[in-house]
Structures are given as C-alpha cells and as structure tokens.
Protein chains: 4
Amino acid sequence: MGWELGEGMGHPTEGRAPAAQRLQDRCHRDRRLYSGGDMAPAGSTRAKKGILERLDSGEVVVGDGSFLFTLEKRGFVKAGLWTPEAVVEHPSAVRQLHTEFLRAGADVLQTFTFSATEDNMASKWEAVNAAACDLAQEVAGGGGALVAGGICQTSLYKYHKDETRIKNIFRLQLEVFARKNVDFLIAEYFEHVEEAVWAVEVLREVGAPVAVSLCIGPEGDMHDVTPGECAVKLARAGADIIGVNCRFGPWTSLQTMKLMKEGLRDASLQAHLMVQCLGFHTPDCGKGGFVDLPEYPFGLEPRVATRWDIQKYAREAYNLGIRYIGGCCGFEPYHIRAIAEELAPERGFLPPASEKHGSWGSGLNMHTKPWIRARARKEYWQNLRIASGRPYNPSMSRPDAWGVTKGAAELMQQKEATTEQQLRELFEKQKFKSAQ
Amino acid sequence: MGWELGEGMGHPTEGRAPAAQRLQDRCHRDRRLYSGGDMAPAGSTRAKKGILERLDSGEVVVGDGSFLFTLEKRGFVKAGLWTPEAVVEHPSAVRQLHTEFLRAGADVLQTFTFSATEDNMASKWEAVNAAACDLAQEVAGGGGALVAGGICQTSLYKYHKDETRIKNIFRLQLEVFARKNVDFLIAEYFEHVEEAVWAVEVLREVGAPVAVSLCIGPEGDMHDVTPGECAVKLARAGADIIGVNCRFGPWTSLQTMKLMKEGLRDASLQAHLMVQCLGFHTPDCGKGGFVDLPEYPFGLEPRVATRWDIQKYAREAYNLGIRYIGGCCGFEPYHIRAIAEELAPERGFLPPASEKHGSWGSGLNMHTKPWIRARARKEYWQNLRIASGRPYNPSMSRPDAWGVTKGAAELMQQKEATTEQQLRELFEKQKFKSAQ
Amino acid sequence: MGWELGEGMGHPTEGRAPAAQRLQDRCHRDRRLYSGGDMAPAGSTRAKKGILERLDSGEVVVGDGSFLFTLEKRGFVKAGLWTPEAVVEHPSAVRQLHTEFLRAGADVLQTFTFSATEDNMASKWEAVNAAACDLAQEVAGGGGALVAGGICQTSLYKYHKDETRIKNIFRLQLEVFARKNVDFLIAEYFEHVEEAVWAVEVLREVGAPVAVSLCIGPEGDMHDVTPGECAVKLARAGADIIGVNCRFGPWTSLQTMKLMKEGLRDASLQAHLMVQCLGFHTPDCGKGGFVDLPEYPFGLEPRVATRWDIQKYAREAYNLGIRYIGGCCGFEPYHIRAIAEELAPERGFLPPASEKHGSWGSGLNMHTKPWIRARARKEYWQNLRIASGRPYNPSMSRPDAWGVTKGAAELMQQKEATTEQQLRELFEKQKFKSAQ
Amino acid sequence: MGWELGEGMGHPTEGRAPAAQRLQDRCHRDRRLYSGGDMAPAGSTRAKKGILERLDSGEVVVGDGSFLFTLEKRGFVKAGLWTPEAVVEHPSAVRQLHTEFLRAGADVLQTFTFSATEDNMASKWEAVNAAACDLAQEVAGGGGALVAGGICQTSLYKYHKDETRIKNIFRLQLEVFARKNVDFLIAEYFEHVEEAVWAVEVLREVGAPVAVSLCIGPEGDMHDVTPGECAVKLARAGADIIGVNCRFGPWTSLQTMKLMKEGLRDASLQAHLMVQCLGFHTPDCGKGGFVDLPEYPFGLEPRVATRWDIQKYAREAYNLGIRYIGGCCGFEPYHIRAIAEELAPERGFLPPASEKHGSWGSGLNMHTKPWIRARARKEYWQNLRIASGRPYNPSMSRPDAWGVTKGAAELMQQKEATTEQQLRELFEKQKFKSAQ
C-alpha cells in the first residue's frame, strides 16, 4: 500500500516554517525573475541555466501541473479523448494556465502536446505541436523558466511492437520541437519500458537533454519489469533524468521512485530523478493505476490532494534525493505553489503566487471568528484529518480489471466509437462483475 | 440534516438522457448566442431579454460560479481576506474565468466585487468596482448574458447596527453599478436578514431588478429568524428574486429554499426564487455553515461536488420551482456546465463548453479498456458511491464553535492582524476544545 | 441528528477515575450483596429495598441488557420471531445470562418474557412466562437484585385498536407475574403511546410499581405524539417510572429523554426517568429506528458500542437526571458493567465482574509491548477514534421505508410465512428502490 | 493488503442456498450426534472417529471459537492477563460456552488452557489444566466431538532461547493432557517458528495427533521466516496439521495459508491445513497483527465480522484446500455456526443451533414491514455494504510499533506491574508519536 512509507516519513517539514516566513520578504525581488501573467516580463538578457546545469549543481527544479484535467474542468478538453487541440482552439485558456503554473513557481513549462501525434489527431497534429511550443515559449518569455517538449506513449504499441513505425511517430513530433528550439525533452506516460527506451533513443538524436518518466507503480510495467529494472534500462538507453508521472498518487509514486533509485544504485548507474505524480490519492488502486478505479475520470473529486498533502510529498521527494518535482493529472496551480513553498528554504525564494498565500494558513489570522484564527498555523493543518462530507460513501474502491490480460481482444481500441450493441454487452458484463 | 430530502428526490433526472443527447446537435447553433472565449462574438444587435422578463416567462436562468475560491487556487486571491483586487492586478485571469463560466452556460455574469467596499479595501474600492464591471461587460459582449452588480454584507453590522452608515456603504458601490449600467443587482451573503432588508431598500433606489440571497441554512439567520420569515421580510422590502447563496452544500441549501418557499406561500407573497449553493458537501455543518467546519478553507477538497451531484442539484432545484440556479464557493466552470446540461431539455440548448463533454460520460465510449467504456452511461455515474481514497480520515467533522455567541468580544474583528500572544491563546484554547 | 448533544456533553467522566480506582478495594465486600454465578448466595435474610424506595432516595438503579440479541448470537433465539421460548428449551443458557448481568452490576433482572403472549406463542405462553419468572428469581436469589416482570406491545394494535381485547392480553401475562410475586412491572417497547397508556392502566391494577418505556425517538410516536406529550400521558396514566428503550442508540435515546423530561417539567408532573437504549450506534436512522436500517438485524456488528461509549452514555444519562439506566438490544454483560463502573462513585461500589476488569484499561499495564502498556489509561480510550477496518463500506446508511405509511396493506403481518410469490415481488421492489 | 484475494474469491457460496435449505430437515437427526446444552447426551457407545481419520478421508472439521475475548465480555476473563482461571472460578460459564460452540457445529472442543503454564499462573496452573480437560470432556460427552489439549508460546522465548527450559514447560502441560487422555493436541499462537518446532517435538512424544498453528501473517514470523518456510519446518518436525490462528482477520489469514500451502507443495511435503483466524477485520495491521492496532483490545467492536463474512471465509478456506476451519479471538458461537452452515452441503448436516437460524436471513420472511421481509435472502446479505454508524471515525488505523525491534529493553515484560513513573514515560512517548 502506497500510504505507509515507513519510519521517518511522518511530518518531514518540521521546523521549516520560520525560514519560509522570512522568505516571504524576498518574494518581490524574485518576481522579477519568475514573472508571469499581467506582470512586466523579467529582464530578457539573462542567460538561462539549462536543466542539467541546474540538476547537476543540486538545485531543485519544480515541474508544472495538469493540463488535461485542469482544462477539462474549465471546458476546453474532452475527457476520453484527452487531446490538446485547445492550443489552437482556445489559446488564451492554455496561455492562462501556463501563466498560472509559472506564477506558482514552476521552473519548467511543458508544451501541451500530450498525445498530439498523427495517430490521434490526424492532420491537426503538426499545427498543434507548433502552437503548443509557441504558447509555452511566449509565457516563459525572457524569464528563467525552461520549456520542455513532451511526447508520450503511442496507442500502437499495444497492437504490434513495430519499433520502426513507432520511432517514426516520435521523430515527427521531435522535428517540431527541434525547429522550435525547446530547452529539453520529456518522454512521459509510458506503461511499457521497451517503448520508453525507444522514445529515449529517438529523443537523444537531437542533442537536447532527455527526461523520461513511466506511468508505473511499485509493481512495475505492464510486462512485469520491476521499477528498478526499468530505471536501469532507461539509464542505459541514455536518459538524463528518470522517473514516474501520472497514474498513482503521491505516496505510491514515491514508493516506485524508491525502487527505481535502489535499482540504479545496485547497478552503479547515475541519473537525475524526477517525479510528477497525480494530484489524487490512490491507496486502493491496482497495477493499472487510477484509470482502473471506478471513479475515473468523473468522480475523483474526494481524492484531490490538499496543499498540505503536496507540501509533505515535496519534502518526502526531496528527502529521497529527487530534485525534479512536479505534478500530473489533478495538479492545479496551487499544488505547484505548495511544492515551491515547501522547498522555498532550499530554493531560496518564494514563487510570485505566494503573494496571495500565507504560509501554512497564516492568512487566516485576521478572521472574525476566533476558531478560524486558530487555524492560522502549521500544526493545525498538518494534523487535521479532513472529512469527506460523504458519510454514505466508502473510503476505498476496488479497481475494475475484469481479469482481462495483455492482448485480449477486448483491449483493442477501435477507430470508430464503440457500437450500441457492444456497449450494451459491456454494461451487462459490468453489472455481473459488480454483483460479485 | 441536509442530506435527506425525502421522497421523490432520488434521481430526478430519470429519463432525460435521450432528450439531452439530441440537444448535442443543436450546440453549434446555440454557440452563436452564447459565445465566449476565443470565439467570435455573437451578433450584437439582438436586444437582450432582462432578468425579470426571463423569469416571468418561466425560463431557467443559470448563474455563474465561484470567483474567490477558484482564483485562490489559481493564485490570484488571498484566502482569509477574500477580496477582489485581482480585477485590477490580474485582469486577464478574471476575464478568463468569466469566459469559462459563460462557455459553461451561465446566463448571468456577476461582477467580481465581493466585499469590495471602502471598509475592506480602502481607496482601492472604487477602481475595483469599476474594473469589475468593465470585465464582466467585456466578456458578456453583445451576447445574451446579463451582467449583475453584486454587493454583500458589511463587516460593520456585527459591531453596531447603524442603518444609515451601512446603507451609505451600499450606496457607494451602487453608484458605480448605476454608472456602468449593469443589467440588474444582487445583494448576497447576508447572515442577518435585517441588514439584507437594508440592502434591498438601497438597491431598489436605482430602478434595476433586485435579487437578494442570504447565506443561511434551515435554522435561519443569526438572530434566529426562520428562512420562511426571512423570505417574507425580503419580499416585503421589494426584492424581485429571493434565495440563498454560499455557506451550505446543495442538499442543505435546497432544504432552506423549501422553507423560504413555504414562508412566501403562507404569507401569500410572490417572488422569484434563486439558489447558489456551495460546491462542497456539508451534511455535518452547524448553523454557521462551512466556515465552522475544521476543513475550512484549506482542506475542503474531499467535499467537492461531482458534476453528477450538481446535475441532481439542478434538477431538485428546478422541481422545487426555483428558476435562477447557480453556484457559489467551490463551483468551478464544469459545475455550471452540469447545471446547463441537466436543464438543457428545459432551456432547449446545450452550452458551448458541452462540445468538450459527452453527456453522462458518453465521451468514454472509445476508451481502450472495456471496463472504462462501460462507464459511458448515466446509470453508472448516477449510482456510483465514489470513494475518498482517505481510509485514515472520517467522513464527517464536528463544526467548531466554542460555544461563542453573538456579541462576544472574541468575535470582534480587529483592523490589525491578531498578535502573536492572542494567537497563542487561541491555539491553546483550540487544543483544549479538541481534546474534549 | 442524535449525535450532537451540545455543550457540556464532551467527556463527562472527567476526574472520576481516581475515585473509581479506590472503589476496586470494596469490590469483595460488595460481592456479598450482589453475588451471582458460581458464588455462594448472599445472605438471604436482608430485606430488599424496593425500586421506588431506591429511586425516591436518589439511588442509581442499573438495568440489565439484551436477551434476544445476545441469545441469538449464542444460538438460542431465532431472529425474526424474537420470542423467548429458550426459558423452557434451554434454561441453563438463560440462567447463565441473568447471572452475567447480575455480576456486571445490574440491580434489576427482567423476566425474559418479551413478546411472550398467547398471540405470538400459542399455548406455550403461560409456561414460558412462569419459567421466566422462576429463572430470574432463582438467579436474584436472596441478594439485593429486583425482579421485574416485563410485557411489551401487541401485534394487534396495528390492525385494530380494540382496547378491551388488548388489555386482556396484558392481563393474562400480568396474572403470572402477580402469582410469582415479582418486585415490579415494566411495560416496554411501545411505539404508540395510546397502547402504552392501556398497558399502564392494566399494570396498575396489581399494585406493584409500574415502569413504562416507549421505543420512540425524538420525532415521537407513530401517531406523531411528541416525546414530551407521551411522557405527560404516561405520567397521567399513573406510571411511576417513564422512559425509552430499544430502537435508537445512546445519543438519540438521550435526546428523546431530554424532550420527555422537558414535557413533564412543562406540565408540572413528576416521574422517575429510565433509559435502556440500544447497544448500537444509529445516527442515521429515521423515525422507525434501527429496524429500518439496511443492516438490521444481521449486519449491525460495526455499530456495536464500546465499553467507553457506554460509560459516556451512563454519565450523560445521570447528568440529565435519569436514575434508572440500563440497555436493550446489543447490550452485552460488559456494557452493563460499563454503566456500573462509570457510576461506581455515585453507587459506592464496583460490580463483581470488575474483578476481571481494570478501570479504563488499567489491566494492560503489564503488557510486553510498550505501546500497549501506553493504552492503560482513560485519556487514551476516551479520545481514540476507532476504525471500522472496513474501508470499502460507508459510515452511514439510508433507512429503508419505501414511503409506506400507517395502515398500508403491505404492513399487515400474516400468520403464515410470506409466500414465494410475495417474496419475489418484495425483492423486485427492493431492487427498484435501491437503484434510486 | 489482506483484503484483496484476487480473482475467484468474490462470492463463493453462489448456488449453495437451496441445498442448505434441504439440510434444515436433517437437523433433528443430527442433533442426536452433536447434542449439547440442555439436550440429552447422544448415544455414548458410538466409537469416535479421530481427527486424522476425518481429515484423511477429506471430511471438513469445524473448530471452535474464542474463549478469552468471549468470556472477557461476559465478565470472567481479565484483558491484559488473558489467563484461563475461569475454569476453576466460574466453571458453569466455561461449560456454557463449550456447549454453545458444540451446538454451533464445532467438531473440536479445545481445552481452555491458553497460557496456563507455571510461568504465568504459578501454583494454579495444574489445577486449571486438569479442570479445563474435565469441562471440555464433560460437554463433549459421548458425542462425536473431539477434545483437543492446547498449549501456546511461552513468555520466556523472547528473553532467552533456552530450548530445554521451554520444552519442560510444554512437557508439564502435556502430562496433564496425557493423563486426561484428550483426543489430540494443538500447539498454537506461536510467533517464532523455532519455538513452535520445539512444541511440536515435545507434543509428538505422547503419540496423539499434533496440530500446530502460528500467529503470523503473510510477512512471516518475527525472525522473518516466510510462511512457506515456516510450514516446511513444522512439517519436517512432524506436525500432522499445520496452519495459523489469531492475530489477523479472515482475508489476511487466508493469504498466509496460501503461502504455507505453496511452501509445502514446493518442498513436496504433505500436511493437513488448518485456519482459525480472528473474528475481526484487520486490513490495516502490520506484521505484528491486531495487537498493534490502536483499538486493541477494547475498541475492536466495529471490526467484528458478520455471519456472512464468515460464511465467505469458510468457503474460501475450503476452496483453498483447508479442511480444519475454526476461529480465534472474536469468534462467537454464531460465527462458528456460520462455518457449519456454509459447509453444510459438504458435511451433510446442519448444526443444532441452526434450529434457531434461518439460512441467509430466511427467518425474516414473516416480519411486519415489507422492506424487512425483503431482506430474507442471500443476495441481500451478500451484497450489502454495512455501515459503521460512526461517521466521525476513520475506516482504517495505523498500527502502533514505535520502531521498536526485537530484543529492545522496552519489550521485556516485567513480573511486577509497570510503575507509575514508567507509565508516565510511556504516555508521553505515545503523545509524541501520535502527534507525528
């Protein structure tokens, strides 16, 4: 179970608050560097430090958060498809979200190109990839934030493992990133390490630093390769930064990272570590991660992490030696700010958005009601066991899976929408399963 | 307990899906009328129907959602203060949110002027009120959406009940709204009906339609005036539209509305009804509402309503005879879309943002995994009891209150931040209380 | 909601432990008076103080616990029928349970005659009533415990309200009690106050003190007579002791008692108060009480009260002015001991069974593991929020009721078992209801 | 996590009810063989089939349930000490409980001699062991039930591993069992397999069949010997029957059994399998089992298994190939009856106590309220997710452990009760831990 991380993982932020408080004063100065939104762009002449330069020197790198889930709630992305055409259809919505993550303290702006491959988006894909780069670079402006071009697993790999064809898909996207001169590359959301290795091999062709993250949990990839073995394969393929993203909540993702780290150590390999977990708690999910939970994707609300959960996650990740720390689905801007606030002592500054956030609830100290003023402190929020307000609901779910394994006909994605008849059969099957 | 609404409140949307489905086709046409975001503005020559015209003819009016909580998470509002200076500091963030609510189907855009009085914001208040009007009107553009100028309770009423002074505060804000020529006025978030009556009296001076909503629950206002009596007083003061907003979740708010409706009926009075509840479930809160829950304001995540909860809420509200239906804190754009989708059969169209949303999860019908395709239907989401993913947490909390009553010295708000010494005393007191 | 009892109900036992500790020493002496089980009978010459003598002088009277539910789990009572033929079929099992309640500190042994009427048990009823008296009196022996003859509501009242016929049923049972010379009489488990008044009128004919308790909650009896009005009617009918038993858990039952007490006070009437609640928590049940909860009767385990819950209940009851405090369904011997231990300072002695129970867990202070030794104290058990170990289950249920009201044909009990066809119809109906 | 048992573990009793129903008719005949309580003893001339004879022929053997926890609640055993002096102090209470388990369908009556060694009980130990044998044999009477003499781990093993001294302790108890001529022997509740091997070696000296069960979970014994390895060691030591008892709930215990079975299979060893799990659900406990849960031992109520849980457990155990199936702490007579009812089709008869129990709630089919009649069926109880009625409590707890490991000074049990000063230190330590 992802929840228990063993000794010493209790409240790792102990003793940080005073330092964090002092940092508030430095906020204005730092805003010059990390400006966003309606603020004037920071001095554009400063040479930007590269991702590896930062990680090599031990700096913390804060990633950004969720585009698909966040923009779905804002009305610009369709669940199920999860494709990024918003970059061309509603650029101001995408621009706004980049701006919010930047204000929240993100050092990296990922292009919103998830799943933007020919395979999924037909002729639109190239325009989308280009527009996504433009938007991220526009918001990064002359500031210190890095723009990362992102690719993810193909839907082809499940049906055939045609290395050449799959690599070509990666290469097409890569071409755009190269042309747009992004700062580095991220291959993410791979559930088969073999495909991730192919992605790394392609991305290395261009010369920019390469980060890679799998969407696996402690049980390993879909072919039962353990997290430790996965990390070793990715390091050997030449990835500079290795980790996990999506599919699992904070505690489970950190468990996986622990196993990856141990795998690398045992193989005497070196790589920077990154983690970009879900903003949802998933103590009950199986190997397939949150997509198998019955609540996915329209009933995940009660699982959303609080800012305090994320501060704890950021501290745990840091203590594990991870230096690239961000989020995936479910991470809203305030979650990224929570990472930046927790690691402000290490980074030396607070993010711009902290001008609107008292550390550990300190902004409540002027409230009319004394019991709300009494919430203006770390001990309160750290120890509170928050209620769901849903007494008729359980606290855990059993993941769906139906005993279906790799390669089953039922797992083949159809080009066309599932027919009414097929859906009726599925509904019957589900009814039968849930009665068990 | 707000949760149980008695018979007939089970699943009121029964039988709506097919109709809703057919409406999807009309979406494009309707977008002409309700355009927002990056779309071209709809034909500006059409004369806009007023709020009372709509309600008098039995039309559903969809309100908008939360600015304070939503923009707090995006990094532009500070919790505790809850003031709207973002309209001048980060106008693009406010514009974006108005756009999202409009796309989601809102018929009304409220100016983001909550608490924007001289009392709370010093010299900034006038600029803020003016800018807020400009932003809402800019987004409403030439489309059919109405702009409502909003005022709320003062912080003075708790200390003295100086009618003249309080009315003057209202009048100052009103002057800006009159100058900007908003479509109608809303006085909201009043916990004392007497102060709300004063607000209505002032707002009526200008001639525009007046809506008023209290932030009370079924137990009535802070002076123990029942919801029924409150509604009667407000109707007699001349309010055109009467209801509740904030402080309580959907089911509790509808209970209060039921009592208001009965009060008006028993007094043979007529008024339009409105409800703009929290986007959080609060079955466990006391008379003070969600601010007294220990999770307020930074641990409310597990209480966030799903889109399906809100569809049910919209249907219940409609069945109760309420025609102005919107949301307050916790209502994100997708919650407003859920109202618009549930009431699409009555309204005759789907909102623009439904182009990115399959009704009742139908967008999942192409997913690779058969058990996820099996979630593409109403019965699934309606009956699912979603889990919190938090097995170490309870499902309900006991509200704080400390037995403090009206007028206690502890309830006096200080201009200056609470001192360290005062906070220490509060923390000790809280420790003692929670040990009980 | 039964749960919240307002101020001052927190941890009422505060400060009692030291006194209780000292009482442990007096345990041996007291055992002489309250012997049971395998111990030699206490001196039989002592004249027993009557129930009213005790209550008039302000003494606490501890009732006994559950026979039906306890013996069902032990294999001697059939759920559904809930009749007491075990007194003739398995007398040693009944004798043992009486002994256990006596050892636990009960001052009253109720004859196990629940529902033992001609109507329910045909020709067996008289033998059962007589045997039940013999068993209770045998166990009470020459000690100080009182034997109370118990009757309960008829199954006839629902179909016709034939006062004469119903009173005759009561009179038949009463005759046996009079012959056996029980110490006093209890009419309990009445859901219609009118029938309870008839019972009181009959019981008064014999001259022994009369206690009466309804199985109602704060919403009143099945004809909507409020608890306050019920209490007044019963006092006017001549009942010496008035209260509630069964159907609702501790906190809800105490709420009802508060209303009864206020009713009597407002009518300037005097009566002793008694409470014998369920040993199950029922915050979620409706007017019908726990029988309507979906878990009744075979899934109530997670609702069972702990000994600490019962200590709190005993203290609250005492603070409300109730002096006859016992239990109903779900109360096992250790629950009765918890009442006796909590009120040991007031009673002046601990019950015999406390020789096997360290006050507030003090018996754990020799455990091998230090963290278990650390549980040997009041603060630990008082503040612990115990987990259900059932993360896939909710914490509350919605009561069944199906909108059926008084007099509906569906509510008519048949002599013969429900037919297969009737059951099939019920199952279909249930399926439909729970899908809502 | 003990909870998920993978495929095929859903509702294994599917399709059994009709057969079970038919068996009800055979109940009276069988009572002759398995009489208990107030019934006349069964014909004493029949030669009793031995435990191995039964298991060798594939018969199901139903064990009995909990004496310590059950008699603690009845007032005859002291928690913390957990010693069986009730056999001499309150023999009728022990006799009654044996009778109840026999009526419930137990094929084995274990002597109530848990922890009854010189070491724990000083001079009383011999009298207690002898009396315990007499009571079990008296209740077994001339019927078919077997009497098993039981020993458990010593408290010495933790301090020194003096094989000779520990074996002598076992030998002393064994002498009594040999003299009383019990039917077979059980060594149970061992957390170190080495000590269990010693026990088996001693028990084999007498010639009777030897069963042995460890109180370990899937993580293995306290020296990290896996369940599979433990089983192999015990089989090699000559145990006839091998399994687990206590410490873990049904699902976790069955997981451990699966591992034991696989261990034996991999080593090509044969042994009969037994399981006697807790009657409490413990999905959240760590390696130490339920004693480390904060609720142990006075707050376990919400974890108590229902009869339906136990029917499922019995079926799973049977499907795993286990033929000796009983219970440990928390198993009340009705839980044993649930095993006997579930396996009635295999055994060919229902237990005597089923005369008071309708299979799958069928006894409810005459209830007045239609919604309660609708509960008279298997589907209802199998699918119901029962609520805790405790909305302010969590569903899982974190086990205590304090990071203390084997051999730490804090783990040494003292002869004398912990001093006040030592307790104060423990309480402080606990306070500190739980604040983390």
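Just so it is clear: chains get the letters A, B, ... in the order the sequence lines come, proteins before strands, and each one is counted from 1. Just so it is clear, the model here is predicted, and its values are computed rather than measured.
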Whether the [X] and [Y] side chains hold a donor-acceptor pair (N or O, under 3.5 Å, no angle test) is what I'd like checked.
X: H357(B); Y: R307(B); value: yes
X: S66(B); Y: E332(B); value: no
X: D309(B); Y: T306(B); value: yes

Let's test your reading of the structure: which of G363(A), G361(A), P394(A), P302(A) forms the most heavy-atom pairs below 4.5 Å with chain B?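 Most heavy-atom pairs under 4.5 Å with chain B: P302(A).
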I'd like to verify something: which residue of G299(A), S388(A), G75(A), G249(A) has the highest number of heavy-atom pairs under 4.5 Å with chain B?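 That would be S388(A).
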Report task. Run the numbers on R377(B) and W360(B) for side chain to side chain contact (heavy atoms under 4.5 Å, CB included), then give the verdict. Result -> CA-CA 5 Å; R377(B) 61 197 174 114; W360(B) 288 107; over 6 Å; no
Heavy-atom proximity to chain A below 4.5 Å, by part of [X]:
X: F101(B); value: neither
X: Q96(B); value: side chain
X: V77(B); value: backbone
X: R337(B); value: side chain
X: W82(B); value: neither
X: L97(B); value: neither

Between K158(A) and E191(A), is there a side-chain N and carboxylate O pair less than 4.0 Å apart?
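Yes, this pair counts.
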